Amino acid sequence: MKSNALFSSYSIGNKVFKNRLIMLPTVTNYANTDGSISQKNLDYYSLRKNISAIITEAAYTHSLGKSFTHQIGIDSDDKIEGLSRLSQVIHNNKSYAGIQLAMNVKSKTINELTLSEIEDIKDSFIKAAMRSRNANFDIVEVHCAHGWLLGQFLSNYFNHRNDSFGGHLQNRMKLPLEIIKAIRDTVKDQLLSVRINAVDYIENGIEIDEAIVFSHRLKEIGVDLISVSAGIGAKTFIHVSPSSYPNGFLLDYAQKIKINTDLPIIAANRLNDFDLASTAVEQSKTDFIGLARSLIADPNIVTKWQNGRFEEVVPCIGCNQACIANIQSQKPMSCLMNPLPYQAHTLNQPFMYKRKIMIIGAGPAGLALAVFAHQRGLNCVIFEKQTKIGGQINLAIKPPHKQEFKKMLNYFEYKIEELKIPLFTNVEANIELIKSEKPDVVAFALGSIPYIPDFALNNEFVLTADEVLEFGIPFDARHICVIGGGLVGLETANLLANKGLRVSVFELQDSLLKNTPDVLKIPILESLHSNIKIFLNHKLINIKDSTVYFQTQNGFSEHSFDYLVLALGRKPNRDLINQVNFCIDTIDIGDCKNPQDAQAAINDAYNAAQML
């Protein structure tokens, strides 16, 4: 029997938390441009149920500290009405409502802030706390982590001030402690939480000993709860760490702060495994488990855990492709597995006549369309030419640190079986099959194929990244060339380098992953094996046998290797689509329309299901 530790109650003051699960603050970019609460904000939080407390996203306390175009604000009294509606939708689900007060000044560094500006910022936090009380929030949290303003004051990495707010730790703690104490003195009837970094994971940043000292001071001034996180500067992504980081890797830091302060602790980061989370509470490593991305993927994960319906959980795979990457790009937050996290039952609009949808292809787009279309009451049938479903997911899980993507495949396998959607594998669809099935709509989800230049065709020394990921490299290989330094090229190179091979990666651009958000790019670059050598500004012009020719800024160059691996992008697989010469409704989804990634494919399927 599964542990019930996560569903035991816990009391702080006069507040009784019904379980040990707390929703952590995550910026959504759903607010109105003036920072007021939008209907999307209300809908999003109303869907997250059965959680003991929801601490809503970072709300700026002063316009100087607004980081995102659609960030929630708590900087003026006219926002109290909307914030009250926000706390109410949370209370309607019998959860405590919290709000995080945060500043992230972009216009200048903390070292350039004047004493007058610091006083204004301090005053803004105090007034914001009062607004949170007037808006009926039960918990007010002060953000001192992740390189936001107060976290910058705490960290030597950012703080180079030569006044009373800089230098040794006592000075660096001064502003955060003054603000938090003033809030404590002002709002005595609310629980006061502080989010801190246990470690900054960067040179000259906060280490655990300093975090413990700061935590002791927080206890002295009456803080009720500490939320423990990590990461700052180039390591900010640590607090939303990808699958290359092990589950629960920050738990030991949470436990150290708990032991040293005897304050209630919220642990965070990659704790979406039920057994791990339960064990952490049982072993008193933490008092609460903080969930963030997993609640974006599945707003009902807590209920499913409590009822033992683990296979029904829509998995967070730690990809950050649509949640954090979107936020950093000033876009509304989304999710690879849950494209519109603020919408409920938008697809549950059954048709009076259940049209038959013939889906050809069981990759991410085809599988997702089958599930989403079924929710609309449509009859779906899937045909897949391979012996197994998953398409490129089966290749995506091969490189190091990508095994989390298997959870996506497992979930779709479960849903197809649970919904009793007919699935035929090892069947290559053709025009005759389409006609015999007599569908109302044919959904082509045929995927894509690797792009291969004409001069590289029919060369025994040339392989595609797909071939390497599926079948491996010939046993006599020692030195491999990977042409293309995008995501697929680098992951393939990493796979080969981890097998002991020397790998040279040639990239056309002047940097790797040039247009990729930092939250995705930095972890990949950090994970590259030392056996990999990178060549930038190399334009492929020809291949002859095992020799490859490039144009560079310094002229032409040639290099010889044992084998050459192409990772030059993909082109749509439209062979069957182009054969349709009779009248029938069709849609193209995923890579056969526009080769991108799994997130784009599933989002495309979601949109298609709404239009069917």
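Because the structure is predicted, anything quoted here is derived from the model rather than measured.
The neighbour count for K108 NZ, taken as heavy atoms of other residues, nucleotides or ligands under 6.0 Å away, is above 12. The 12-atom threshold is not exceeded at NZ of K127, counting heavy atoms of other residues, nucleotides or ligands nearer than 6.0 Å. In the displayed structure, E203 atom CD is contacted under 6.0 Å by at most 12 heavy atoms of other residues, nucleotides or ligands. At most 12 non-hydrogen atoms from other residues, nucleotides or ligands lie less than 6.0 angstrom from CG of D262. When the shell of 6.0 Å around NZ of K256 is examined, it contains 12 or fewer heavy atoms from other residues, nucleotides or ligands.
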Please assess Q39 against D43 for the test side-chain hydrogen bond (donor to acceptor under 3.5 Å, both in side chains), listing each intermediate value before the final yes or no.
-> CA-CA 6 Å; Q39 188 60 45; D43 292 343; 2.9 Å; yes
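For residues 243-255, the set of pairs meeting the side chain to side chain donor-acceptor pair (under 3.5 Å) definition, not counting sequence neighbours, comprises N247-R270.
Under 3.5 Å, the side chains of D34 and S36 contain a donor-acceptor pair of N or O atoms. There is no side-chain donor-acceptor pair under 3.5 Å between S63 and D75.
When the options N307, I289, L21 are evaluated for a side-chain contact (heavy atoms from CB on, under 4.5 Å) with V302, the one that passes is L21. If you run salt bridge (Lys or Arg N to Asp or Glu O under 4.0 Å) between D298 and each of K304, R293, K49, only K304 comes through.
For the pair T109/F158, no side-chain contact is recorded, criterion being any heavy-atom separation below 4.5 Å from C-beta on.
Counting only distance, with no hydrogens or angles, the side chain of N159 and the backbone of I110 share no donor-acceptor pair below 3.5 Å. Under the 3.5 Å distance criterion, the side-chain polar atoms of S278 are left unmatched by any main-chain donor or acceptor of D275. A donor-acceptor pair under 3.5 Å is absent between the side-chain atoms of N197 and the main chain of D200, judged by distance alone. Not a single donor-acceptor pair under 3.5 Å links the side chain of S294 to the backbone N or O of N272.
Note on ring orientation: taking the six-membered ring where Trp is involved, the planes of F372 and Y606 are perpendicular (angle over 60°, cut-offs 30° and 60°).
Every residue two or more places apart in sequence or in another chain that forms a ring-ring contact (aromatic ring centres under 6.0 Å, His included) with Y10 is listed here: F288.
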